[in-house]
Amino acid sequence: MGEVKEITLPVEGMTCAACAARIEKNVAKLPGVQQVNVNLASERARVVLDASTPWTEVVARIEKTGYSVPVRELDLNITGMTCAACAARIEKVVGRLDAVRSVHVNLASERAHVTYVPGVIDEHDLIRAIEKAGYGATLAAEAADRADEQRKTQAYRRDLAKFWFSAILTFPLVLQMLVMLFGGRPFLPYGVSWLLATPVQFYVGWRFYKGAYRALRGGAANMDVLVALGTSVAYVYSAILTVMGRPDVYFDSSATVVTLIFLGKLLETRAKAKASAAIESLAKLGAKFAHVLRDGVETDVPVEALRVGDLVRVRPGEKVPADGVIEEGITSVDESFLTGESMPATKRPGDPVVGASINQTGAFLMRVTKVGRDTALGQVMRLVDQAQGSKAPVQRLADTISGVFVPAVLGVAVLTLLTWGAFGNWTHGLLAAVAVLVIACPCALGLATPTAIMVGTALGAESGILFKGGEHLERARQVDTVVFDKTGTLTLGKPVVTDVQTVEGVAREQLLAAAAALEAQSEHPIGQSVVTYAREQGVNIPAASDVEAVPGRGVRGVVNGATVRVGNRTWFLEQGLTVPDPVLATFEQAGKTAVLVAREGQLLGAVAIADTLKPDAADTVKRLRDMGIEVWMITGDQARTAEAIARQVGITNVMAGVLPADKAAKVDELRRHGRVVAMVGDGLNDAAALAAADIGIAMGTGTDVALEAADIALMHGRTQGVVDALHLSKATLRKIRQNLFWAFFYNVLGIPLAALGLLNPVIAGAAMALSSLTVVSNSLLLRRLKLGKETLAA
């Protein structure tokens with residue numbers, strides 16, 4: 001009998017013993033499965049199978065039977081990574097583990113995101129695998145993140161002091177090298193040069209030895225191997241020459257390379273901290289304490305202690321501690337951190353408020369509906385964190401190259417040494433080989449994509465634009481067609497009165513009073529818009545009696561002893577009333593709904609009601625067309641109304657009379673014609689169309705549906721966000737391409753020059769450090785991008 005293994009899988013969907021028996025029967029049919037036991041109570045399946053049988057076949061059989069094996073997502077903080085080869089090594093090691101569905105390692109954020117099947121392995125298995133590969137790993141919890149930030153700050157300060165120590169010792173060696181370069185004589189005794197270089201090599205450079213040991217122990221080579229090997233060869237060779245009394249030593253090269261690369265990593269760490277500061281800044285937005293009312297007593301508690309259902313008092317000037325609904329009080333709230341809107345929003349009882357917004361004018365009492373990671377702020381933080389840790393498809397090329405790059409460089413270095421040695425110049429060959437090892441470190445290659453994605457997604461979050469992953473950030477760049485839903489997207493979604501037309505001899509106030517008296521007892525949005533307008537105009541609204549709604553027609557009742565009707569053209573014609581066709585035609589051609597008003601059979605006039613356009617809608621359409629993007633509008637409205645709205649915003653392509661269920665089919669039709677489509681909707685009734693598009697963009701205020709349905713979520717209601725999202729995508733991808741070009745160009749040019757002996761190891765070390773810093777700094781230039789402007793400063 002061959003080797004066997006045992007796995008325990010969680011199973012969801014079982015309701016009775018028959019379910020468990022069915023799973024056992026079907027899994028037992030798999031070749032290589034020796035024993036199956038399904039426990040209904042614990043919802044676990046224990047399977048004994050041949051070691052050669054993949055566990056994925058067991059999972060597939062369970063799911064084919066009609067049940068599911070849930071997966072778990074886990075984030076880990078990684079320490080010890082120095083280049084792209086490290087990240088690739090961790091992905092390879094963890095990816096080989098049974099039950100790991102996917103693993104993504106972000107060199108810039110020093111995070112690993114792992115999706116795995118619990119029961120086969122757990123988080124401790126993942127951490128052990130990473131540690132065996134030569135790196136450190138800890139669970140990335142929120143509280144641990146803060147401690148991790150403190151640890152990183154302290155480590156940075158220690159490294160800064162260590163750099164200055166290294167620079168002071170290296171300076172005399174560099175000065176002597178420059179003197180000799182211009183024909184001078186060395187002024188340091190050989191023993192002194194050795195003495196100065198030794199602490200630099202083994203104290204300051206210890207991190208490279210430690211990293212190289214870990215990598216080699218894990219069966220891979222990384223940047224540390226290249227640096228440690230290159231500088232050690234130069235140091236040991238110089239030490240031997242010093243003992244032999246030879247003058248041509250290279251302590252200056254080994255010490256300077258260590259110092260420069262150490263400086264490069266120091267600057268790189270500082271730059272990466274700026275790029276990853278988005279999550280930390282978001283976390284600081286939240287309140288610290290809340291005034292909770294429990295048993296009639298107000299108590300101050302930390303926000304972490306809040307529970308759903310708690311009553312909380314928020315005073316003027318304080319931050320709202322969690323998401324909730326106002327129970328008492330009227331105030332204005334600054335929600336700019338979430339929506340980007342500079343004007344505060346008025347809040348009344350029944351209105352929602354979001355945590356971390358700022359109460360400005362009046363005190364209010366709220367009931368908590370969401371706490372912690374479930375709040376709008378928590379969702380934003382989670383999405384930004386996931387997006388920053390994700391990979392864009394363009395990174396695959398860099399990952400593939402990084403995985404084989406270091407071993408290939410080692411081979412080139414050995415070949416360089418042997419080639420020069422064959423021509424009898426072993427000393428020159430040694431320096432050339434060292435230069436090859438030093439200049440080839442693939443740090444810039446590994447940082448090219450993640451740093452740009454981190455900066456781009458953080459910049460988007462600050463402007464209320466949330467990308468759900470690097471793949472969506474890259475895909476948005478290719479959009480050539482944008483389809484807008486009308487209601488709530490191009491329009492405000494709230495009908496308002498735009499015109500009042502009275503017959504001769506009838507005052508506006510008289511018409512509005514009669515109409516509002518009836519509509520005050522109606523809950524229809526159109527009726528409420530009439531009431532709101534009448535109140536805004538200062539009209540005294542009388543009481544109405546015997547009010548009756550006529551479905552599909554309007555409403556009638558008695559106002560001041562007279563019968564009043566408020567309704568549409570069809571109803572009035574049925575009643576034999578005169579209808580002013582020219583007036584109604586004018587309203588309808590403008591995309592407005594006409595409401596007629598009559599008293600005792602005599603027409604008083606008409607009220608025009610429209611769902612008004614958002615202020616920036618027309619400008620957004622114009623800017624999209626200027627970008628060469630085709631713009632469509634899709635709506636369930638009748639063609640005349642839809643075309644009138646489209647004309648106002650400059651859209652010529654209109655799909656009218658489309659039911660919500662058919663919107664996805666219309667989007668698919670555009671895609672079948674070769675278009676890359678972005679669907680823009682409110683994230684509620686447009687969910688199917690958002691999912692069907694190449695890029696779904698949900699507009700709203702950060703609701704759960706909007707965040708889940710779309711690839712990009714706009715946390716505000718401005719259509720300008722669509723243009724900003726596409727601009728940000730293009731600018732970020734431009735930075736990624738620039739970074740990759742310079743990373744590849746640097747290595748393609750640098751390695752041959754080093755092998756030919758045209759680069760001194762010191763220059764190679766400086767170039768290597770500078771390349772990483774250049775890539776990170778270039779990504780940080782994205783911060784100059786002015787969203788909402790027509791010109792980009794990227």
Where do [X] and [Y] come nearest, in terms of heavy atoms and distance?
X: V303; Y: P321; answer: CG1-CB, 3.8 Å
X: T732; Y: A452; answer: CG2-O, 3.6 Å
X: G136; Y: I130; answer: O-CG2, 4.2 Å
X: G95; Y: V100; answer: CA-CG1, 4.2 Å
X: H113; Y: D75; answer: ND1-OD1, 2.6 Å
X: V320; Y: A322; answer: CG1-O, 3.2 Å

Does [Y] offer a backbone N or O that forms a donor-acceptor pair with the side chain of [X] under 3.5 Å?
X: K319; Y: S357; result: no
X: D323; Y: G355; result: yes
X: S729; Y: A725; result: no
X: D711; Y: G696; result: yes
X: T170; Y: T256; result: no
X: S779; Y: V775; result: yes

Rounded distance [0.5 Å steps], [atom1] in [X] versus [atom2] in [Y]:
X: T138; Y: I78; atom1: OG1; atom2: CD1; result: 7.5 Å
X: T79; Y: E131; atom1: OG1; atom2: CD; result: 8.5 Å
X: T774; Y: Q738; atom1: OG1; atom2: CD; result: 12.0 Å
X: E12; Y: I62; atom1: CD; atom2: CD1; result: 11.5 Å
X: R128; Y: L97; atom1: CZ; atom2: CG; result: 10.0 Å
X: Q478; Y: K730; atom1: CD; atom2: NZ; result: 9.0 Å

Minimum side-chain heavy-atom gap [X]-[Y] below 4.5 Å:
X: V301; Y: F289; result: no
X: L740; Y: R737; result: no
X: N778; Y: W742; result: no
X: V436; Y: V434; result: no
X: L126; Y: L74; result: yes
X: R46; Y: E6; result: yes
X: V204; Y: F163; result: no
X: K132; Y: V93; result: no

Going by salt bridge (charged side-chain N to carboxylate O under 4.0 Å, His left out), name the residues that satisfy it together with [X], two or more places apart in sequence or in a different chain.
X: K5; value: D98
X: R72; value: E123
X: R307; value: none

Q) Is it true that the NZ or CZ of K162 lies under 6.0 Å from the centre of F262's six-membered ring and within 45 degrees of the ring axis? A)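 Pair K162/F262 does not count as cation-pi.
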Q.
Apply side chain to side chain contact (heavy atoms under 4.5 Å, CB included) to residues R783 and V455 and explain how you reach the verdict.
A. CA-CA 7 Å; R783 302 289 304 176; V455 176; 3.8 Å; yes
Q | Verdict with reasoning, R44 to L9, per side chain to side chain contact (heavy atoms under 4.5 Å, CB included) | A | CA-CA 6 Å; R44 299 271 172 172; L9 296 170; over 6 Å; no
Q. Under the side chain to side chain contact (heavy atoms under 4.5 Å, CB included) criterion, do R96 and V103 qualify, and how do the steps go?
A. CA-CA 10 Å; R96 284 202 300 249; V103 54; over 6 Å; no
(Q) As a quick check of understanding, evaluate side chain to side chain contact (heavy atoms under 4.5 Å, CB included) for L785 and H727, giving each step before the final call. (A) CA-CA 9 Å; L785 182 66; H727 269 324; 5.5 Å; no
**Q.** Residue from I712, L733, L459 passing side chain to side chain contact (heavy atoms under 4.5 Å, CB included) with L728
**A.**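 Output: one option passes, namely L459.
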Q. Can you say whether the rings of F165 and Y203 are parallel (under 30°), tilted (30 to 60°) or perpendicular (over 60°)?
A.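 The rings of F165 and Y203 stand perpendicular, inter-plane angle above 60°.
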Q | Between T231 and Q201: side-chain donor-acceptor atoms closer than 3.5 Å | A |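 Distance-only check passes for T231 and Q201.
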(Q) Distance alone, cut at 3.5 Å: any donor-acceptor contact between the side chains of E91 and H104? (A)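 The criterion, which ignores hydrogens and geometry beyond distance, is not satisfied for H104 and E91.
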